[in-house]
There are 2 protein chains.
Amino acid sequence: MGIFSKTCEYAVRAVFYIAQSSQEGRKVSIKEIAEKVKSPEPFLGKILQNLSKVGLIQSTKGPHGGFFIDPEGLKKPIADIVLAIDGEQIFTGCGMGLDYCSEKNPCPLHHDFKKVRNQLSSMLKKTSIGQFNLQLIKGSVTLYK
Amino acid sequence: MGIFSKTCEYAVRAVFYIAQSSQEGRKVSIKEIAEKVKSPEPFLGKILQNLSKVGLIQSTKGPHGGFFIDPEGLKKPIADIVLAIDGEQIFTGCGMGLDYCSEKNPCPLHHDFKKVRNQLSSMLKKTSIGQFNLQLIKGSVTLYK
DNA sequence: GTTATAAAAGATGTTTAACTCTTTTATTAT
DNA sequence: ATAATAAAAGAGTTAAACATCTTTTATAAC
């Protein structure tokens with residue numbers, strides 16, 4: 001596994017895809033998203049259901065329904081996705097898994113690890129969900145081959 | 001889960017403990033290590049067995065036996081532990097889990113993520129297994145409460 | 001209002017990581 | 001030699017992450 005769980009990777013890819021589609025003014029179905037971001041369709045359904053519950057994405061049922069993200073949502077940081085799926089451990093947890101670890105009572109890696117964590121956190125917090133929409137549309141970054 | 005797997009967290013803590021003990025000139029048993037780093041004893045046995053196989057730690061069986069690390073081993077980077085347990089994904093993998101992702105065909109997070117990955121990698125590569133021995137002995141950093 | 005569409009919800013199944021148990025092998029001390 | 005100690009090795013179990021299936025509910029078009 002990478003830094004994030006597989007579930008979280010699917011989530012980030014899906015949200016970027018929905019963001020791009022919303023920019024283009026269309027709603028997208030689970031089926032379409034799953035094909036594009038190469039994730040198992042029923043599992044992605046569950047993930048999107050959760051993201052919808054916490055308000056990170058919106059959806060409507062029925063014909064011509066699907067998922068979308070409103071303009072306000074596009075401004076939210078991708079940290080929100082990671083937090084919703086993987087929890088806060090990655091933003092705050094000790095690198096060696098020690099629950100007591102702190103500035104006062106540091107583990108050996110505490111100070112070095114803090115730098116890495118901070119860089120990761122600030123990157124996730126300053127990067128917005130809609131930030132890559134134009135690059136995705138023109139193809140200078142991609143979500144699939 | 002944090003950045004590393006739980007197994008890897010146990011491994012790093014155990015190796016630091018063995019390193020410290022080796023510095024003090026004594027071998028340590030699985031039982032002692034497991035108590036100190038708060039890991040399940042039989043599971044830790046398996047982990048240490050693997051680390052022993054790849055040569056990161058040494059052991060002798062029988063009375064007064066146990067685990068230790070030779071002076072050369074103390075110079076190795078903790079990246080070796082992470083690599084042995086969690087694999088290279090964390091050093092090289094795409095943040096969004098895309099296997100094709102590269103400089104030429106980047107995912108949206110590629111460039112930002114590279115910085116985080118590089119910082120983490122260089123930290124793990126420049127930090128040695130024996131580096132904290134003195135701080136551990138004098139107690140300015142700790143492996144347990 | 002009936003039909004088609006698409007997500008929500010809930011129950012269930014599978015796979016992998018985490019963890020345990022038992023037996024074997026090596027070493028040391030007597 | 002034999003008894004005690006401690007890791008190695010292999011098989012087995014449990015729990016969590018990953019994934020699927022079925023039913024229900026909401027919406028839209030006719």
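Quick note on labels: first sequence line is chain A, next is B, and so on, each numbered from 1. The analysis underlying the following values was restricted to heavy atoms, covering all of them including side chains, and did not include hydrogens, waters or symmetry mates.
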Which listed nucleotide ([options]) is nearest to the side chain of [X]?
X	options	result
A:Pro63	D:dA19, C:dA29, D:dA28	D:dA28
B:Gln49	C:dT28, D:dA9, D:dA7	D:dA9
B:Ile30	D:dA7, D:dA26, D:dA4	D:dA7
A:Pro42	D:dT20, C:dT20, C:dA7	D:dT20
B:Phe43	C:dT27, C:dT20, D:dA19	C:dT20
B:Phe67	D:dA7, C:dA7, D:dC18	D:dA7
B:Tyr10	C:dC19, D:dT5, D:dA7	C:dC19

Checklist entry - Run the side chain to side chain contact (heavy atoms under 4.5 Å, CB included) check on B:Phe4 and B:Ile85 step by step: do they pass? => result CA-CA 9 Å; B:Phe4 306 123; B:Ile85 305 288; over 6 Å; no
Next on the checklist: Whether the side chain of B:Arg117 engages the backbone of B:Gly93 through a donor-acceptor N/O pair (distance < 3.5 Å, no angle test) should be reported.
Outcome noted: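 Present.
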Hey, does [X] reach any base, or is it just sugar-phosphate, or nothing, if we go heavy atoms under 4.0 Å?
X	value
A:Pro40	sugar-phosphate
B:Lys46	base
B:Leu48	nothing

